[in-house]
Structures are given as C-alpha cells and as structure tokens.
Amino acid sequence: MPPRRQQTKVLCVAEKPSIAKAVASHLGGGQVNTHNTGNRYVKNYVFQYNFPAWGECEVTMTSVLGHLVSRDFESRYNNWRACDPSALFEAPIQTYIQDDLKPIAENIKSQARFAKYLYIWTDCDREGENIGDEIRQEALKGNASLSQPNRIFRARFSNIERAHIINAACNPVTLDDAQANAVYSRIELDLRIGACFTRNLTLSVQPLFHQHFGNREQGLISYGSCQFPTLGFVVERYLRVRNFVPETFWTIKVMHEKEDIKVNFRWARNHLFDRMPAVILFERCLAARIARVTKVQTKPTSKWKPLPLTTVELQKCGSRFLYMDSSRVMTVAESLYTKGWISYPRTETDQFDGGMDLRALVQKQTQGGPWAGLAQALMNGGFSAPRNGRNNDKAHPPIHPVNFVEPTQLDAQERSVYEFVVRRFLACCSEDARGSKTDISILYGTETFNASGLVVLARNYLDVYKYDRWTSSQVLPDFQEGEVFEPTEARIQDGKTSPPGYLTEPELIALMDANGIGTDATMAEHILKIKERNYAWVQPRGRRPQGNDGDDEAESGGEAPPAANATRGRRGRGGARGRGGRGGGVEGPGRGATTGVQEFIPTTLGVALVEGYENMGFEISLTKPFLRKEMELKMKAICDGQRTKAEVVHETIEQYRDVYVRTQQRLNVLRDAVRKYCLGPIEAHNG
DNA sequence: GCAAGGTC
C-alpha cells in the first residue's frame, strides 16, 4: 500500500460506553481497534470512516459516563453553621471533575489534540445536549483550534440500528446551546435551593428532636424539588384515607333468571345517597311489575395489546406483576442491559422507529424459553406492527429484548424482568385480543338497568402476555328487544362508600410521571430517598380488609412502623384500613392475602413536614408539584430561545428567597407541626 | 451532612 497522506482525524464522544461500542461497530465495519483508557468502563475504538463532508478519516470513538463536570459551593461554605443557609442563594459555585472521572477527561483532551473535528454522540435530549457541552469544553482544552467554525458537530440519532446510525454519521448537526443552558440553570437552581432549604430545615427542626429525645438520632431533614412533592403525594393520600367518612348509599338490585341463568342488572343511576328518592323509584319499579327489554346489542370488541415499554411502565408493572419495587426493577434491568440481553432501560419512548427490524428480534425469541412457540407463531404470520404511543424522547427506543438468553442462565429476579420484557415485546407484535360484547338494557318502571356479557373469541396477545386478564363473563341468555318479563328478584339495598387505599408504588410513579417529578432515570431514586430520610415507609397492601382469613401473618410482622398515632386529635373515623380495590394487579401464584403491591404510609415526620409547610399558607406550596412544573416551563422557554439562563436563574432564586424569608418568619408553624406529630401533645412544650 | 441529573 502506498503511504497515506496525513489523515484527517475525527474524535467522536458518546454519552456512555454502550453507544460508543455500537456506533464503532456499525461505522468501523469489522475493522475496529480497541484500546483501553484510564477508566475501566471507557474504551477507545479506532477505525476508518468515509464521512461525506470530510472524506476518509481516522476516527477515535470514545465516551464519557454521563455528566463529566460536578458543581458545588466553594469549600468555605462547607460548614453549615458558618453562614446563614440563605447565603447559598448567591454563594459562588465551583466546577470540578471528580477523581474517578479525571482519566475520562484526560482521554478526551489528549484524543482531541490531533483531531480536526469533534463529533458528539450524546443522547438527543436536554441532558445529552448539556453533556455534549461539557465534552466540547474538555476537548477545547486539549485543542483550541477546534473552536474554529465548523469543527464541532453532534449526531442526531434515536436508536442504534445500523442504518439509522450510518444516516446520523452522514448528517451532522450542531449542538443546541439553548438546551444545554436550560440544564445549566436546572443544575444551579436545584443545588442552591436544595442545599439552602435542607440546611435550614435540618438546623431548625432537628434540635427539637434532640431536646425531646436526648441523644436519639434524627438524621438530616432534606428538601428537594423532587423529593418533597413525592412526599406530598404520599401524605395527601394518607390524609384522604384517614379523614375518610363513609357515606351510606342506596341502590336497586334487579335479578332475572332465564334459561337457568341468573342475570344481575345494574341500576343506571348506580346509587343514590338519599334514601327517600331511592325508595320512591324502587316502588315505581315494583308498581310497574313488568320490565321491558329496550336494547339488545351484540358487537365485536377488542382488548388492545399493550404499548411499547417505557421505563415508567416497566416500574409500574414491576410493582404490580413482579413483586419488585421500582428501584429494584431498575437495578435488575440495568444489569440485563449491561449484559446485552435487553435494550437501554431508561426511555420515555413508546413508539418503535419504523426502521427497526422487529421481526429479527422476534425471531431471536424462538430459540427457547416458554414463549418460544408463541414467538414462532408470530414468525409464521401472526406478526402485527406494534401500536404507537404518544411519547418519543428521540433518544432511545422502547425497552425490548435485543438477544435471547436461556432463562436458566439468569438469577430469579433477572429472569422475571427479562421474561416480562420479552413477553411485553412479543405482545406488542401480536394482534389485539378479540371478543364479542352483548349489552342489554331494560326499562323497569321509570328506571333503566343494564347487563352485559363478554365472549372472548381470540386471545391473541393475551397468550404471551400473561399479566393481563380478559375472560369471558357468564354467557347471557337470549333476550329480544321489546320482550317483557317480571324480574325474578328486585330489592333495595344499602351500602357504604369505602375509603381509597393508601398510595401504591404504581400510583405514585404515575403521579410523578404526570406531574413531571423526576425523570425516567430518577423517579425510583426519589421514592427511595423519601424512605431513607424517614419520611415514609411501605407495607404490602392487603387484598382483603385486615383480619380476614389470617393465613398470612408473616406479611405484617416484618417491619417496625414508626409511631403510628400520627392522626392524634384529628377528626375522622378510625377504621380506615388500606383497601382500595384499585390497582389490583394479577393474582399471586396460588395463594394470596396480599398482592405484590406495596403501599406508602408517611411517617409522623413526613406528615409534619407537609402539614407544617401547608399551614404556612403560601400560595405556592413546596410540597405540591407546581413549582417543579414551573421550572419545567422555564427550561422550555430557554430551549425555545424566549428566555435566557441568567433571567430564569435570577427570577427563580428571588422567588425562593421570598419563600425562605417567609418560612423564617413562620418557623413556629413548622415547629408546631413537628411537635404535634412527632413529639406528643403541643401543650407539653409551651415555653 | 445539602439537590437532581447523567452513568457503571
């Protein structure tokens, strides 16, 4: 081979090693040299690639491990008592690179030295844009000439399919500074506000515990823009359960037996809370004696297959079906991901990209596992394109299996998460379940009553997705429109409304998701945090009211709940035991006094914090999700170029400074709440 | 001893 001219060098940097490896293997075409770096996870991949804009280049593909740069206050602010916490609103912030990440920064600097182009391959979301900016700054330290125009680009990609990656490689775009700045403002605000309120809360509330309990420990009492609203959801539901007052209602039950089948009709009014009108309507029914069939309608119905799997959905399903809490599910999913069995587990996307070869992924699942035959059936013509959800983060595809692994090679938890991911994916590629639904309405006196029946005709996706239930109900006897009959039984019945259950983890995740609290990657951490901080604890949800059946004593014995008398002195009836009926999930295998679902109970401290802040009467509550939502809107405004980072940071800090000042003025409200809930009656401490 | 966001 003739000696080459000095080749153009391109440095590519991804957000994580898995992307660097995947991109290198697609672009390098089997001719990739791998080199170690100073970090055990990060490798450099060297190969040739012919970029349309730059010609044949020598490419070094490497990565960071998420954010490279850390931020904290200067060390003179480390001592909590050396300054007022509010000084943190304006204290200088220093940036630095953590020791374990220094080799990664060094690698970028040295690799940038001889590069003509820097090509950034971070995830295509706001954080990715920001991480891209961190990478750019590091590369510039190693090679200032990269600051010339048209030297730094980023790739736009949302999955690591070969064709998609090659397309991205050939169509570089520029980094979006606005998005990067939105994240810089979030980082600064979270740090200043979180640190300031945490110190203030700890320094002003912790001493109460120490005075009261002597040396008994009460750790850090923290505030964060995500953890506090998370706690707020838990407390809100708890108080709703505790303050629940059952109401008596009346309903009319109608039953008719025909062809040896007993059909129960539901009252169209469902129930009334006043007895008199219910009785009057019931008497009209009796007076009429005869009921007339007003509608008989049989029509096809279907149960839709599930949407492609997002992180939030994985966490919810983990709680419901797999007996794992959200942080456990994520840990297991990450291990399956790093082993190469499933795709990246942190995604908001519930749409598969048109370019993905889904059939090839289904084919891999025909190799084994209890679902092999069902996967084969999809290959034999059963395949149906997945539904599209509404979310696309443009950074990652939905969670799906990327390779087949014998379930026996996995530990128990990995096996159940892997099985779930596979079954969910195969369900997405199956047909909806089909059935036939019959609705019957009757007019009895002045009242309408309804009955319906379902016949499942084709289970389709349900065969592989064992987590969903859809079963034929009792077959209805033949009724004709216009037919009249005298109901076999009609009676008026009273009942009581029942309280909602305590918040379950799937419900909590859904609330956080709907309110923009945390990201797919961090929701589980916030939930863990409110447990670690002793703001809330969990117990398995009982399926039946307590004391029933008594075959599962062990379930309630494990945990020592903190002082349970949090509602001392509150009005409302006792008896509000957690039983909600909602969010039920699948029956446990074979037995079951409890579902796998955990429910969240705030501790006395958790209730006190929420109530204390609520009682201060600010129009914007720190425990409600609005502030976080507002921050989200401001970040959007920065991304859209409508506002600057400096404006947003300044305005938000002033807003919180105001809250802080008023918190200080009304500190006794907070302390009183803590005394009331955590330290016994308020009278005991009146000095 | 603080937050939330990346990632391993």
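All chains are named by letter (A, B, ...) in the order of the sequence lines, taking the proteins before the strands, and each is independently numbered beginning at 1. What you see below is based on every heavy atom in this structure, not just the backbone, and it leaves out hydrogens, waters and symmetry mates.
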Which nucleotide in the list B:dG6, B:dC2, B:dC8 gets nearest to the side chain of A:Ala521? B:dG6
Please classify the nucleic acid contact of A:Pro85 as base, sugar-phosphate, or nothing, using heavy-atom distances under 4.0 Å. nothing
B:dG5, OP1 or OP2 - any side-chain N/O from A:His526 closer than 4.0 Å? yes
Counting heavy atoms not belonging to A:Leu101, are there more than 12 under 6.0 Å from its CG? yes
Separation of B:dG6 P from A:Met523 CE (nearest whole Å): 10 Å
With a non-hydrogen cut-off below 4.0 angstrom, is A:Tyr337 in contact with a base, only sugar-phosphate, or nothing? sugar-phosphate
Let me know the distance between CZ of A:Arg186 and C1' of B:dA4, rounded to the nearest Å. 5 Å
So A:Thr122, base contact, sugar-phosphate only, or nothing? Heavy-atom distance under 4.0 Å. nothing
Measuring from the side chain of A:Leu65 (C-beta onward, heavy atoms only), which nucleotide among B:dA4, B:dG5, B:dC8 has the closest atom? B:dC8
Heavy atoms only: give me the nearest A:Val610-A:Thr623 pair and the separation to one decimal. CA-CG2, 3.9 Å
Could you walk me through whether A:Ser319 and A:Glu505 satisfy the side-chain hydrogen bond (donor to acceptor under 3.5 Å, both in side chains) test, starting with their C-alpha distance in whole Å, then the side-chain angles of each, then the deciding distance to 0.1 Å, before giving a yes or no? CA-CA 7 Å; A:Ser319 298; A:Glu505 188 163 39; 3.0 Å; yes
Please say whether more than 12 non-hydrogen atoms of neighbouring residues, nucleotides or ligands are located less than 6.0 Å from NZ in A:Lys21. no
Along DNA chain B (nearest heavy atom to each residue), the more 5'-positioned of A:Phe73 and A:Lys16: A:Phe73
Does a donor on one side chain and an acceptor on the other come within less than 3.5 Å for A:Thr504 and A:Gln598? no
What contact category does A:Glu15 fall into here, base, sugar-phosphate, or nothing, at under 4.0 angstrom with non-hydrogen atoms? sugar-phosphate
Base, sugar-phosphate alone, or nothing: which one does A:Gly219 contact when heavy atoms must sit under 4.0 Å apart? nothing
Heavy atoms under 4.0 Å, any strand shown: does A:Phe197 hit a base, just sugar-phosphate, or nothing? nothing
Which is true for A:Arg40 with a 4.0 Å heavy-atom rule: it touches a base, it touches only sugar-phosphate, or it touches nothing? nothing
Aromatic stack A:Trp80/B:dG1: centroid gap under 5.5 Å, interplanar angle under 30°: yes
Once you apply a heavy-atom cut-off of 4.0 Å, does A:Arg628 come out as touching a base, just sugar-phosphate, or nothing? sugar-phosphate
So, is A:Thr519 close to the B:dG6 phosphate, meaning a side-chain N or O under 4.0 Å from OP1 or OP2? yes
Is the number of heavy atoms from other residues, nucleotides or ligands within 6.0 Å of NE2 (A:His650) greater than 12? no
Counting only side-chain nitrogens and oxygens, does A:Ser222 get under 4.0 Å of the OP1 or OP2 atom of B:dA3? yes
Could you check whether A:Glu129 gets within reach of a base, just the sugar-phosphate, or nothing at all, counting any heavy atom under 4.0 Å? nothing
Give a yes/no answer on whether the side chain of A:Tyr344 brings an N or O atom under 4.0 Å of OP1 or OP2 in B:dT7. yes
Could you tell me whether A:Asp123 contacts a base, only the sugar-phosphate backbone, or nothing, with contacts defined as non-hydrogen atoms closer than 4.0 Å? sugar-phosphate
Relative to the 5' end of DNA chain B, which residue comes earlier, A:Asn78 or A:Arg346, by the nucleotide with the nearest heavy atom? A:Asn78
Please work out if A:Ile187 contacts a base, only the sugar-phosphate, or nothing of the nucleic acid, heavy-atom cut-off 4.0 Å. base
Are OP1 or OP2 of B:dG1 and a side-chain N or O of A:Arg533 less than 4.0 angstrom apart? no
Whole angstroms only, please: what is the OH-P distance between A:Tyr660 and B:dA3? 16 Å
